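Structure record follows, encoded as structure tokens.
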Amino acid sequence: MKEAKLEEKYNPKDFEEEIYKEWEEKGYFKPNNDKTKEAYCIMMPPPNVTGKLHMGHALDGTMQDILIRYKRMQGFNTLWLPGTDHSAISTEVKIVEKLKKEGKDKHDIGREKFLEEAWEWTKEYGGTIVRQQKRLGCSADWEHSRFTLDEGLSKAVLTVFKNLYDKGLIYKGKRMINWCPCCKTSISDAEVEYEEEQTNLWHIRYKIVGEDRYIVVATTRPETMLGDTAVAVNPEDDRYKDLVGKKCILPIMNKEIPIIADESVEVDFGTGCVKITPAHDVNDYQVGLRHNLEIIEVFDEENKMNNLVPEYKGLDIMEARKLIVQSLEKTGDLIKTEKLTHNVGKHDRCKTIIEPKISEQWFVAMKELAKPAIDAVKSGKTRFVPPKFEKTYFNWLENIQDWCISRQIWWGHQIPVYYCEKCGHKNVSIEKPEHCEKCGETNLVQDPDTLDTWFSSALWPFSTLGWPEKTDDFKTFYPTNTLVTGYDIIFFWIVRMMFSAIEQTGEVPFKDVLIHGIVRDSQGRKMSKSLGNGIDPIEIIDKYSADALRFSLISGNSIGNDMRFSPEKLEAAKNFANKIWNASKFVLMNIEDYDGSVQIEGLMPEDKWILTKLNKLIQEVCLNIDEYNLGVALDSIYEFIWNEFCDWYIEIVKPRLYDKTNDSRKVAQYVLNKVLGDSLKLLHPFMPFITEKIYRNLYNSDESIMISKFPKYDEEQVYTLEEDYIEEVKKVITEIRNVRAKMNVHPAKKTKLIVVTNLYENEIQKSIESLKKLGFADTIIIQKDKKDIPQNAISVLSSNLEIFIPFEELIDIKEEMERIQKEKEKLLIEMEKVDGMLNNEGFINKAPVQKVQEIRNRKQELTEKLNNMEERIRQINDKQAE
RNA sequence: GGGCGUAUAGCUCAGUUGGUAGAGCAUCUGCCUUACAAGCAGGAGGUCAUAGGUUCGAGUCCUAUUGCGCCCACCA
């Protein structure tokens with residue numbers, strides 16, 4: 001595993017794919033199968049088998065990969081199970097299109113041949129997304145990969161169908177369902193998408209029977225009037241009260257239909273009168289049921305007109321609409337046409353307008369199944385992260401309707417119901433039965449319909465583990481730990497997994513549901529094909545690297561919120577990768593002769609400081625990943641590596657490294673190796689490739705970083721005194737730089753520094769070379785008091801350190817005075833606040849003791865600083881007076 | 001119509017039991033300092049949407065208002 005040397009430039013293309021291949025070959029993605037270790041399992045939401053990776057997948061995959069790599073490094077027996085979904089309707093549509101191009105029709109070639117075609121298609125176009133997930137670095141166990149139409153999963157599907165049927169929770173019934181005229185199948189409520197559209201609202205008059213007046217209805221769908229079986233008004237509507245119970249004549253059909261009163265009619269909409277077509281409208285259907293109205297179908301499954309009026313027969317409904325409107329105009333029955341924007345339901349797959357239709361279909365009775373699914377979240381067995389999504393979940397389940405699960409397509413799990421040709425009995429069986437269980441007849445015909453694709457996805461958390469068999473995998477990994485997915489499929493998927501799992505296995509499918517937002521474009525728009533604003537993750541990986549993509553998806557984002565994706569973020573990510581690369585190059589260059597020994601004895605203050613910082617970082621990272629605050633965890637690593645390790649530690653230890661006779665050189669080497677190694681480990685779940693690449697060059701890194709031990713917080717390596725000391729050094733050094741910058745002192749110009757301290761004498765003695773370097777000093781004098789400070793020195797100070805810089809000819813008294821005054825003002829403002837708090841009885845009495853002490857300490861500090869400043873100002877004034 | 005979310009620096013966003021407002025990018029100044037100019041150092045920039053309330057103390061909790069966004073239902 002160990003490599004010779006890091007290349008001069010960070011060039012991810014050289015190693016990302018190669019490293020992935022090695023990981024896979026070595027079998028690192030597989031569970032460790034250590035039964036003494038706790039199991040941790042994530043089920044990857046199965047993408048469409050013939051799909052392509054988009055940013056949503058990339059985010060989803062990155063988050064899961066971070067979690068699984070983290071847990072894997074912590075020693076858990078991890079399983080990240082990937083797979084794909086057969087995506088019933090969308091795949092079927094594609095096959096139908098392909099056949100059409102070849103001049104074939106699915107009904108001509110027949111079911112068996114069609115399915116052969118579909119499998120061919122799946123094999124040919126499937127797998128792309130898996131290759132893309134690998135580019136992203138996903139460490140899923142591909143050998144555990146499942147497909148919803150696999151034998152095992154299919155058996156699970158049929159088993160669940162039978163279980164639910166036997167319990168009376170699946171039934172067949174004639175109901176109003178959503179019909180897609182394009183796909184020629186029923187779909188579930190969840191699959192209907194509403195969109196605003198412009199249309200006409202036609203006002204049509206129906207003559208009252210036996211009277212010389214009319215009732216005017218308003219409709220957006222005049223063609224359905226042929227199937228009207230009533231006109232409804234609101235019972236409270238005074239305008240029409242006298243008409244209720246009378247009859248009117250349906251134009252064109254010349255047929256008498258009743259005028260009825262129904263609560264569902266809005267008084268204020270249109271004319272307040274609604275034509276009722278029970279066969280083609282959800283609401284009208286309900287009205288029809290309430291009033292026992294006849295149901296007359298006007299057109300068929302393909303939107304072609306029936307024979308109600310012979311001259312319209314076979315016409316498409318839109319053509320028929322035109323003719324009907326014309327005809328009404330001619331007879332004078334069309335009173336008015338007005339514009340109307342209304343919501344139209346469309347099939348989410350093909351965007352065709354949905355037709356409500358009465359049809360015999362299979363349903364899952366939801367009421368009984370919903371309750372335990374609600375309870376499981378209420379009782380905390382399953383937890384939503386962030387919790388706000390519980391509300392969405394409850395809202396959906398509490399208002400749930402029965403789920404239409406049968407589809408009139410072939411690509412999917414065929415419904416395991418065998419009708420007896422003799423007695424009509426429904427034999428429900430996983431295998432095809434020999435004979436009817438009721439009458440013994442052997443002539444049985446299977447229901448031609450297939451199941452909703454979500455019916456099989458709903459079983460994903462357990463069907464993939466071998467259920468209904470009691471497999472080892474099932475026993476080890478079920479219930480799974482974390483489900484990671486977007487909020488857009490709470491209804492489709494999460495809800496259905498919850499109730500299916502609870503019903504079938506008696507347990508919740510997962511403990512935590514981690515819900516992320518949508519990745520939008522840089523302007524905040526949803527990425528979509530029609531807008532053409534989609535970003536291909538693979539292009540991003542090619543251009544910037546998988547690590548940079550992953551970083552930009554996680555950094556600075558909080559869970560559950562949508563995020564914008566922008567090139568700037570990617571640049572920042574790539575720059576970070578580059579920074580790590582260069583810092584590592586520096587470390588590797590300087591530890592070439594390091595022997596690997598642990599050097600606790602000779603630790604210098606800065607060593608203890610960085611080790612303390614590292615430890616605190618480890619604690620913070622673990623805490624945040626455990627709470628799924630991945631963005632916070634990553635940003636804290638970024639902060640540490642760049643702003644602590646690179647900006648300060650490396651700069652501080654440079655003098656020790658350059659002096660090869662120095663005994664503390666080896667200590668610095670130990671610390672550099674340790675801190676870089678641990679930082680890489682902390683970062684590995686987020687940026688797996690670059691961390692692996694560098695790790696291979698570190699001392700004693702013979703194994704892959706991805707199976708190394710994740711760093712643990714170590715109390716022994718927390719040094720408070722040294723931590724405070726270096727923090728103070730940082731403050732004064734920054735101040736020195738600030739002063740020099742303001743005075744335009746060139747970096748090459750060195751000065752003397754006089755350090756006054758009571759507390760840090762020892763530490764400064766040890767750090768003298770580093771201080772010289774950081775403080776642009778050629779000499780450093782340490783003293784306990786302010787004796788013999790040159791008159792023209794500038795002072796910078798922190799709590800326990802004061803440094804004087806005798807600038808001699810460089811000093812500009814006026815500038816210096818201004819600087820001090822400005823600083824003093826800042827301190828005075830803070831002093832006022834602190835005093836305000838301390839003079840407030842309420843604060844003294846009610847605030848926590850610790851807090852009060854903190855403020856008192858702060859006051860002490862401020863007082864000292866201000867005193868120093870006053871003294872300084874006096875000095876300057878004295879000098880000027882001379 | 002019902003539900004949910006959000007409003008913080010010029011832009012994109014963090015801010016975890018309430019305790020002195022943060023990052024990245026952009027901007028300004030000075031640096032090719034032998035890991036890194038994809039960089040280093042320093043600076044400027046915010047009455048945390050508005051109005052109330054709770055509290056010793058509110059970006060954080062409560063109420064109302066306004067703007068923006070999303071989901072569900074769907075009016076023919």
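Lettering follows sequence order; numbering is per chain, from 1. Quick caveat: nothing in here was measured; it's all calculated off a predicted structure.
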Q.
Quick check for you: among B/A38, B/A73, B/A76, whose closest atom lies nearest to any side-chain atom of A/Tyr194?
A. B/A73

Q: Can you tell me the pairing partner of B/U17 across any strand shown, Watson-Crick or G-U wobble, with both distances under 3.5 angstrom?
A: none

Q) Counting only distance, no hydrogens or angles, is the base of B/C74 paired donor-acceptor with the side chain of A/Asn343 under 3.5 Å? A) yes

Q: Using the ring of A/Tyr10 (Phe, Tyr or Trp, six-membered ring only), decide whether A/Lys693 places NZ or CZ under 6.0 Å from its centre and within 45 degrees of its axis.
A: no

Q.
Does the structure show a Watson-Crick or G-U wobble partner for B/C70, both distances under 3.5 Å? Name it, or say none.
A. B/G3

Q.
Counting the atoms with a prime plus P, OP1 and OP2 as sugar-phosphate, which does A/Phe491 contact under 4.0 Å by heavy atoms, base, sugar-phosphate, or nothing?
A. sugar-phosphate

Q.
Base, sugar-phosphate or nothing for A/Asn738? Non-hydrogen atoms, less than 4.0 Å.
A. sugar-phosphate

Q) Within a reach of under 6.0 Å around CD of A/Gln850, are more than 12 heavy atoms found that belong to other residues, nucleotides or ligands? A) no

Q) Base, sugar-phosphate, or nothing for A/Val265, non-hydrogen atoms under 4.0 angstrom? A) base

(Q) For a quick test of reading the model: is some side-chain N or O of A/His342 closer than 4.0 Å to OP1 or OP2 of B/A76? (A) yes

Q. Does B/G24 pair with anything, Watson-Crick or G-U wobble, both distances under 3.5 Å, and if so, with which nucleotide?
A. B/C11

Q: Can you label the angle between the A/Tyr487 ring and the A/Phe389 ring as parallel, tilted or perpendicular, going by 30° and 60°?
A: parallel

Q. So what's B/A76 paired with, Watson-Crick or G-U wobble, going by both distances under 3.5 Å?
A. none

**Q.** Row check, A/Phe565 ring normal vs A/Arg520 NZ/CZ: under 6.0 Å, within 45°
**A.** no

(Q) Quick check on contacts: within residues 646-653 of chain A, what sits under 4.0 Å from RNA chain B by heavy-atom distance? (A) A/Cys646, A/Asp647, A/Ile650, A/Glu651

Every protein N/O lying under 3.5 Å from an N/O of nucleotides 12-15 of chain B:
from, atom 1, to, atom 2, distance (Å)
B/U12, O3', A/Arg564, NE, 3.3
B/C13, OP1, A/Arg564, NE, 3.0
B/C13, O2', A/Gly556, O, 2.4
B/A14, OP1, A/Ser558, OG, 3.1
B/A14, OP1, A/Asn561, ND2, 3.0

**Q.** P gap between B/C25 and B/G69, integer Å
**A.** 30 Å

Q | Whether A/Phe645 and A/Tyr649 hold their rings parallel, tilted or perpendicular, with breakpoints at 30° and 60° | A | parallel

Q.
Both A/Glu854 and A/Tyr658 contact RNA chain B. Which one's nearest nucleotide lies toward the 5' end?
A. A/Glu854

Q. Quick one: which of B/C31, B/C70, B/A76 gets closest to the side chain of A/Arg520?
A. B/C70

**Q.** Paired nucleotide for B/G39 [Watson-Crick or G-U wobble; both distances under 3.5 Å]
**A.** B/C31

(Q) Tell me which nucleotide, if any, is Watson-Crick or G-U wobble paired with B/U63 when both distances must be under 3.5 Å. (A) B/A51

Q: Please tell me which of A/Asp281 and A/Asn840 maps to the more 5' nucleotide of RNA chain B, matching each residue to the nucleotide holding its nearest heavy atom.
A: A/Asn840

Q.
What contact category does A/Lys388 fall into here, base, sugar-phosphate, or nothing, at under 4.0 angstrom with non-hydrogen atoms?
A. sugar-phosphate

